[in-house]
Amino acid sequence: MKINKNRNIILIGYMGSGKSTVGRKAAKAVEYNFLDTDALIEQEEGMSITKLFEEKGEPYFREKETEVIRRLIEGPKGNIIATGGGLPMKEGNAELLKELGTVIYLKAETETLMKRLSGSGDSRPLLQNGDLRNKIETMLAIRGPVYEATADLILQTDNMSFYEIICQIEKLLSV
Ligand code: S3P
């Protein structure tokens, strides 16, 4: 399959939807760079997301997310970019993501997310306290429609293998 090297793919979705894992594997398959907005922010700030939330607060982190996206728009193409689960929610960011490239929503049911997220409170400040199912359901009710409206392609991933997801991404990039 011949791959168009001059695009960007952006993966959006809730925490635990597989953005980073899928992104890394897919990037390898299509010989794109893999980027992760959380990791870029952690590098620049020299601390983990959890620490950043504690020390500088969530609004600061959200500003950094927008900054990273703006910078990527100016940069070279050929990236698969995993985004933090809250990134599309800030006003204006959905438009910026569309400008950056083709947006794929990795959709997953609450049950699937529960399995993947139990025990991840340490690295995800927004899941630190309270009932996980309740949090997922409440946040998804708000975020789900925004993810859907932002996406060029929605993949219902619950019963998809990594291989199948990557095939979809290859297909999008094929020329
Ligand atoms: C967040 C998701 C996290 C990270 C931060 C906030 C969110 O990224 O950006 O903890 O608001 O959903 P992942 O979706 O990669 O876990």
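As the structure lists them, so they are numbered: ligands from 1, and atoms in each ligand from 1. Remember, it's a predicted structure, so these values are computed and weren't measured experimentally. Basis for what follows: all heavy atoms, side chains included, without hydrogens, waters or symmetry-related copies.
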When you measure from the side chain of Asn8 to the backbone of Leu100, do you find a donor-acceptor pair of N or O atoms at a distance under 3.5 Å?
yes

Between the main-chain N or O of Asn79 and the side-chain N or O of Asn33, is there a donor-acceptor pair closer than 3.5 Å?
no

Presence of salt bridge, Glu95 and Lys98, under 4.0 angstrom
no

Side chains of Thr112 and Asp158, donor plus acceptor under 3.5 Å
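Yes, because at least one side-chain N or O of Thr112 sits under 3.5 Å from a partner of the opposite role on Asp158.
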
Within the protein, flag every N or O under 3.5 Å from an N or O of ligand 1, and note the pair and distance.
residue, atom, partner, partner atom, Å
ligand 1, 8 (O), Asp38, OD2, 2.7
ligand 1, 9 (O), Asp38, OD1, 2.7
ligand 1, 9 (O), Asp38, OD2, 3.2
ligand 1, 11 (O), Arg62, NH2, 2.7
ligand 1, 11 (O), Gly86, N, 3.4
ligand 1, 11 (O), Arg143, NH2, 2.7
ligand 1, 12 (O), Gly86, N, 3.3
ligand 1, 12 (O), Arg143, NH1, 2.7
ligand 1, 12 (O), Arg143, NH2, 3.3
ligand 1, 14 (O), Lys19, NZ, 2.5
ligand 1, 14 (O), Gly85, N, 2.9
ligand 1, 15 (O), Asp38, OD2, 3.3
ligand 1, 16 (O), Arg124, NE, 2.7
ligand 1, 16 (O), Arg124, NH2, 3.3

Which atom names give the shortest non-hydrogen contact between Ile12 and Leu97, and what distance separates them?
CG2-CD1, 4.0 Å

So the side chain to side chain donor-acceptor pair (under 3.5 Å) pairs with at least one residue in residues 37-47 (sequence neighbours excluded) are Glu44-Arg71, Glu45-Lys56, Glu45-Tyr60, Glu45-Lys64

